[in-house]
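Shown next, in structure tokens, is the structure this report addresses.
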Amino acid sequence: MSLLDYLLPYDFSPLTILSYMLVMGFYGVGLIRMPEQDRPGSLRIFAFTLGVLICYAVMQTRFDYYAQYMFFVHRGQHLILHHIGPILIALSNPLPVMRFWFAKISPGWRHTLRPLGWVYNVLQQPFIALFLFVGLIYFWLWPSIHFDAMLSRDLYWVMNWSMLLDGLLFWWLIFDPRPPAITSSLGYGRRMLVLAAAGVLQMFLGAWIVFSRDMVYDVYEVCGRAWPLDPEVDQLLGGMLTYIPPAMMSILGILLMLRRAMHQDGKYTNQSKQLEETAS
Amino acid sequence: MRTRFWRQRTNIISATLTLIAALLLTGCFGNDEEDWNGKNISGLMPELEFDLINSQGKSVSGDDYSGRVRMLFFGFTSCPDVCPTALQKLNQATSGLDPALQDEVLTLFVSVDPKRDTPERLAKYVDFFGDNIVGLTGKEPQLRELAKRYRTTFGYDEPAADGNYAVSHSSAIYVFDREGNPRLLMRPDLSREEIRHDLVALIQEDA
């Protein structure tokens, strides 16, 4: 197989390619046109691009072939779509670019798009966000659902897209750069609680897969593997990818939040005092 | 007061949404009405379609065998265990059917090893496993396309010193009804009685 075969999509999805092109297009044009002082630094631009690129790579290159026929590669794919890719994108803080484009939307359109904002606000309730984030992992790994998702092309695409979109929502809620003391973003304590809960719940599932004696996900057995790997090794590796890296990411997220909280400690107290005074 | 009111409201909203999500989830786990031994794959896969050559070397498509319940199985004639066992079982399952029903079922054996499996070799192999079985093969891209359509794959091992090589392939039997709609995915560990039960149900449901 030539290099081109590895880079071309295994299952070509025009909608997926179009979405990625639009995202990179809007980001790039936004960067060029926006005022110099608002423009994110090169490290942030790099993080954003890398995040988008790795998500694209696991969906529209030969990687996807291996993800369809190997359980552990599939777990790696979801690790990128649900964790690493969205984390990089959220940490890159594309808010200035989004603000730039938001300012270009006409007031009429803004009015029509308002329901989207309401849906977003509901989805970003911490409890709902946590439920969706962990629930989706459990849902798609539920053995009978997983079997169907790997057999049906449509379900497979729904699975991967739902993981990516929910990953973006969740990690944006967690890494929202706006300080909670003066904006509506989620407080640091709650962010850490959500992260801890997500970590523990994912560890339960990962541990269950790792320590399962039976074949839990036999669809790969039935439909053939990409190469003859021992089914138990495949399941063990897949379980470990569900168990360890997500738990580590929760901890890293908590540390990052602690650092931010300590940095901002006392920074906004004057303002809150003022607020208290006006309130009383 | 206002914020408190909203906080209570959002709690109610979250609780309701959780409930809805839970209901949706349980809805998805509902069982099929029919009591199949194989796994029901209705609606999960596209209908039977292929573009291959048969054991007479003629090019054939899915329409050429329509009107019957069809069992699609991927394999290769040098296969040491999986294929012969599965084909033997399918033969026992169909030959145990009521004679009137036997012609209503057809096994499609697709060899994914076109290098070694010439039409002649394929013909000899499938004849060994009864009358209602057809050997099919094609060029590798055609076979890859068919495998991809049914969410499966195959691969070749490195050849040994004597030139023989193993081929990894799906072990599942895909069952299509008379109209070519995908209906069941049978694992090779089903017994011939269990397979027969499902076949009879499929034949009778369309009649």
Side-chain angles (χ1 to χ4, degrees), chain A residues 1 5 9-12 62 64-70 73 118-119 121-136 138-140 142-158 166 184 215 218-229 231 279, chain B residues 3 6-7 9-22 24-26 28-32 38-46 74-75 82 112 144-145 147-158 165-174 182 184-190:
Chain A
M1 264 176 60
D5 284 327
Y10 171 65
D11 189 1
F12 174 66
R62 192 76 190 165
D64 184 48
Y65 167 77
Y66 295 103
Q68 286 187 29
Y69 300 113
M70 282 299 195
V73 185
W118 298 335
V119 174
N121 284 337
V122 171
L123 292 179
Q124 295 301 65
Q125 294 290 320
F127 185 73
I128 296 177
L130 174 69
F131 179 81
L132 271 179
F133 184 78
V134 181
L136 269 179
Y138 274 74
F139 179 76
W140 292 118
W142 194 270
S144 61
I145 304 276
H146 191 74
F147 199 101
D148 286 5
M150 298 314 281
L151 284 188
S152 157
R153 190 178 173 211
D154 295 341
L155 271 183
Y156 182 78
W157 279 110
V158 171
D166 176 62
S184 59
M215 283 313 295
D218 54 352
V219 65
Y220 305 89
E221 191 68 0
V222 175
C223 289
R225 287 194 156 76
W227 69 89
L229 179 76
Chain B
T3 44
W6 274 105
R7 210 169 282 162
R9 271 283 278 275
T10 46
N11 278 345
I12 294 169
I13 294 173
S14 356
T16 323
L17 280 171
T18 316
L19 195 72
I20 293 170
L24 281 175
L25 283 175
T26 45
C28 294
F29 299 142
N31 287 326
D32 325 312
K39 150 124 186 84
N40 190 346
I41 53 164
S42 306
L44 288 181
M45 290 194 163
F74 296 91
V82 181
V112 290
R144 290 262 168 229
E145 181 140 349
K148 186 173 170 180
R149 188 176 171 87
Y150 294 104
R151 313 293 286 179
T152 176
T153 186
F154 55 91
Y156 307 110
D157 262 0
E158 289 298 311
Y165 52 90
V167 180
S168 66
H169 59 89
S170 156
S171 63
I173 300 141
Y174 299 78
L184 298 172
L185 188 84
M186 289 179 176
R187 290 160 213 231
D189 54 2
L190 286 186

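Throughout, a chain's letter reflects where its sequence line sits, starting with A, and its residues are numbered from 1.
- With a 4.5 angstrom heavy-atom cutoff, S168(B) touches chain A only via side-chain atoms.
- Between the S170(B) side chain and the V222(A) main chain, a donor and an acceptor come within less than 3.5 Å of each other.
- Heavy-atom pairs under 4.5 Å with chain B peak, among D154(A), L155(A), D218(A), at D218(A).
- With a threshold of 4.5 angstrom between heavy atoms, Y174(B) approaches chain A through side-chain atoms but not through N, CA, C or O.
- If you measure heavy-atom distances from Y220(A) to chain B, you find no contacts under 4.5 Å at all.
- Side-chain contact between R225(A) and P231(A): present, with at least one pair of heavy atoms (C-beta onward) separated by less than 4.5 Å.
- The closest side-chain heavy-atom distance from D64(A) to Y156(A) is below 4.5 Å.
- Contacts of D11(A) with chain B are made by both backbone and side-chain atoms, with heavy-atom separations under 4.5 Å.
- Residue D148(A) touches chain B through both its backbone and its side chain, counting heavy-atom pairs closer than 4.5 Å.
- The parts of L151(A) that come within reach of chain B are both its backbone and its side chain, each placing non-hydrogen atoms under 4.5 angstrom from that chain.
- Annotation: side chain of Y69(A) is not in contact with side chain of V219(A) (no heavy-atom distance under 4.5 Å).
- Under the 6.0 Å distance and 45° angle rule, K148(B) does not count as a cation-pi partner of Y65(A).
- Side-chain rings of H169(B) and Y156(B) stay apart, their centers remaining 6.0 Å or farther from each other.
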